[in-house]
Amino acid sequence: MAEYDSGIEITEEMLAIRNTVHRFANDVMHPVGVTLDKMHDPADVIAEGSPLWEALDKYKELGLVGQQEAYGPDLSPAQRALMHCMVLEETCRGDVGLSITLSLYNMAPQVARNFGNEEAALFFDERNEICCLALTEPNHGSDHVAFNEPTFFDEKIKPDCRVSRDGDDFIINGQKSSWVSAGTLAGAIILFATFEEGGQGLANGAVFVLPADLPGISKGKPLDKMGQRSLNQGEIFFDDVKVSHKFLMMEGVGVYPIVWEMFLKDANLAMAQQFVGVARAAYDMALEYARARVQGGVPIIQHQNVKLRLFSMYTKVELARSHVRRLSVNNVVNENGISYQQAASAKVFVTQSAFEVASDAIQTFGAYGLCKEYPIEKVFRDARASTIEDGENSMLAIMAASRL
Ligand SMILES: Cc1cc2nc3c(=O)[nH]c(=O)nc-3n(C[C@H](O)[C@H](O)[C@H](O)COP(=O)(O)OP(=O)(O)OC[C@H]3O[C@@H](n4cnc5c(N)ncnc54)[C@H](O)[C@@H]3O)c2cc1C
């Protein structure tokens with residue numbers, strides 16, 4: 001009997017991939033994620049010999065990194081989109097920081113190809129490396145995200161990372177903030193930078209995909225943060241960095257805000273796909289604990305308040321999953337994909353749900369939920385970061401609301 005989700009058939013091959021990734025998440029990602037989370041110094045997470053590298057290599061051996069084509073040539077676009085949601089739910093249930101790191105593998109050639117820049121794509125194909133997306137600056141977080149707010153076009157707002165012309169090429173100076181994911185690791189950078197001259201504020205920008213080893217580029221120390229500690233984070237500095245025009249993807253006020261909207265739409269949908277897995281991790285842990293923990297002479301799952309809480313958590317996971325899967329499929333089967341406000345609704349709803357489900361899971365564990373012995377407190381910290389990551393949720397909501 002065939003299995004379906006959102007009206008799309010889940011084939012035997014898809015189930016086999018899901019099951020393989022499920023086992024990998026349990027056997028490798030979860031234990032390695034817990035080990036990396038406990039490292040006191042975030043520099044140790046990316047040091048030579050860290051279990052991070054072995055986990056990433058093992059995942060690469062599964063052949064599922066970076067390209068949805070790896071899910072199988074016979075899948076329809078809708079099945080491929082659904083499969084991607086299923087895979088990310090599993091990897092992020094294992095460890096979201098590791099899963100995000102994996103999703104940054106080989107992003108540079110894909111992005112260059114999407115811009116039709118085959119020369120840059122071939123250059124990065126050969127390097128086969130982790131990529132980062134550098135937008136946020138020390139003095140400009142939401143300023144840079146808010147592509148449809150008037151402040152985006154305000155020339156009084158001065159960027160920390162500036163680009164100027166040098167004949168056909170470009171010179172970059174300044175810095176990106178310590179919040180760039182994989183910032184101190186990445187071999188390639190998708191860089192959003194603002195032109196020094198020409199006015200119109202942050203909207204007057206350019207997108208580059210460039211190698212991180214160009215002369216004049218340096219990296220900061222890995223950031224010490226509360227959650228998602230297996231995900232490296234760090235500053236990138238630019239000191240008179242000469243960038244060939246071949247690494248330019250696009251530029252100019254006319255297109256830059258539109259291109260950033262497209263990036264943010266994809267990033268928001270990806271965040272939603274990922275944090276369904278975090279919500280499920282929290283729910284699974286709470287359910288297992290509630291069946292095992294005895295108080296008042298019975299497993300606590302038999303108490304009405306615990307049952308009700310678990311059902312509320314279950315409902316949030318189900319709603320988050322179905323919203324994300326529907327939008328992910330629509331994004332590939334509809335000619336115009338989905339709208340920005342749909343992607344934002346998924347990011348805001350799913351990350352808020354993951355945070356609430358993780359908080360309810362801690363309540364279900366009682367005091368044990370607060371100690372390091374159980375990984376639920378880690379899942380809570382991982383989920384907490386997500387309501388700020390890739391756009392703070394209320395900022396995204398304001399931007400989406402202005403489109404209603
Ligand atoms: C885990 C994690 C991973 C990240 N990864 C990356 C990455 O890979 N690349 C990257 O470039 N960045 C990354 N970021 C940065 C992230 O995009 C920013 O943190 C986010 O955009 C918010 O910016 P900020 O932290 O500077 O907060 P601020 O912009 O200073 O906002 C602070 C508060 O003020 C509110 N606020 C600010 N401006 C407005 C406004 N105009 N109207 C209404 N309210 C406003 C916000 O909603 C928020 O509550 C990451 C962040 C996290 C937590």
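Ligands are counted one by one from 1 in listed order, and the atoms in each one are counted from 1 as well. Count residues from 1 along the sequence.
Using bins of under 30°, 30° to 60° and over 60° for the plane-to-plane angle, the ring pair Tyr289/Phe365 lands in the parallel bin.
In this structure, the side chain of His140 engages the main chain of Lys158 through a donor-acceptor pair within 3.5 Å. Side chain of Arg381 to main chain of Met226: a donor-acceptor pair is present (N/O by atom type, distance under 3.5 Å, no hydrogens or angles). Remark: the backbone N or O of Leu327 is not paired with any side-chain donor or acceptor of Asn331 at under 3.5 angstrom. Side chain of Arg127 to backbone of Gly187: a donor-acceptor contact under 3.5 angstrom is found.
Checked against a 3.5 angstrom limit, the closest N/O atoms of Ser181 and ligand 1 fall inside it. Among the atoms of Ile398, none of the N or O lies under 3.5 angstrom from an N or O of ligand 1. Note: an N/O pair closer than 3.5 Å links Trp179 and ligand 1 by distance alone.
Atoms of ligand 1 found under 4.0 Å from any heavy atom of Gly391, numbered from 1 in the order shown, are 17 (O), 21 (O).
Distance remark: protein heavy atom not present below 4.0 angstrom from atom 30 (O) of ligand 1. Distance check for atom 50 (C) of ligand 1: a protein heavy atom is found below 4.0 Å. Atom 6 (C) of ligand 1 is approached by the protein to below 4.0 angstrom, counting heavy atoms only. At a distance under 4.0 Å, no protein heavy atom can be found next to atom 35 (C) of ligand 1.
The shell of residues lying under 4.0 angstrom from ligand 1, judged by heavy atoms, excludes Ala146. In this structure, Ser394 counts as a contact residue of ligand 1, since one of its heavy atoms falls inside 4.0 Å of the ligand.
Every pair passing salt bridge (Lys or Arg N to Asp or Glu O under 4.0 Å) that includes a residue from residues 305-316 is listed here, sequence neighbours excluded: Lys316-Glu356.
Heavy atoms from both the backbone and the side chain of Ser142 come within less than 4.0 Å of ligand 1. By the criterion of a heavy-atom distance under 4.0 Å, both the backbone and the side chain of Leu135 are placed next to ligand 1. Of all the heavy atoms of Gln233, the ones lying under 4.0 Å from any atom of ligand 1 belong exclusively to the side chain.
Nearest protein heavy-atom contact of atom 16 (C) of ligand 1 is Thr136 OG1, 3.8 Å. Met395 SD, 3.5 Å is the protein heavy atom nearest to atom 40 (C) of ligand 1. Taking atom 2 (C) of ligand 1 as the reference point, the nearest protein heavy-atom neighbour is Glu389 CG, 3.3 Å. The single protein non-hydrogen atom nearest to atom 47 (O) of ligand 1 is Glu392 OE1, 2.4 Å, given as residue, atom name and distance. The nearest heavy-atom contact from the protein to atom 23 (O) of ligand 1 is Gly141 CA, 3.3 Å. From the protein, the heavy atom lying nearest to atom 9 (N) of ligand 1 is Leu133 O, 2.7 Å. Nearest to atom 21 (O) of ligand 1 among the protein's heavy atoms is Val145 CG2, 3.5 Å.
Salt bridge annotation for Arg113-Asp125: present, with a cationic side-chain nitrogen under 4.0 angstrom from a carboxylate oxygen. We find that Arg23 and Asp27 are not joined by a salt bridge, their nearest charged nitrogen and carboxylate oxygen being 4.0 Å or further apart. Between Arg229 and Asp224 there is a salt bridge, since at least one side-chain N of the basic residue sits less than 4.0 Å from a carboxylate O of the acidic one. The pair Lys219-Glu235 does not meet the salt-bridge criterion, since no charged nitrogen lies less than 4.0 angstrom from a carboxylate oxygen.
Residues satisfying the salt bridge (Lys or Arg N to Asp or Glu O under 4.0 Å) criterion with Lys58, sequence neighbours excluded, are Glu54.
Partner of Arg165 under the side chain to side chain donor-acceptor pair (under 3.5 Å) criterion, out of Glu196, Glu251, Glu197: Glu251 alone.
In the candidate list Asp390, Ile388, Val180, Asp143, Ile388 is nearest to atom 19 (O) of ligand 1, counting heavy atoms.
Residues Met399 and Leu264 meet the side-chain proximity criterion, which asks for heavy atoms closer than 4.5 Å.
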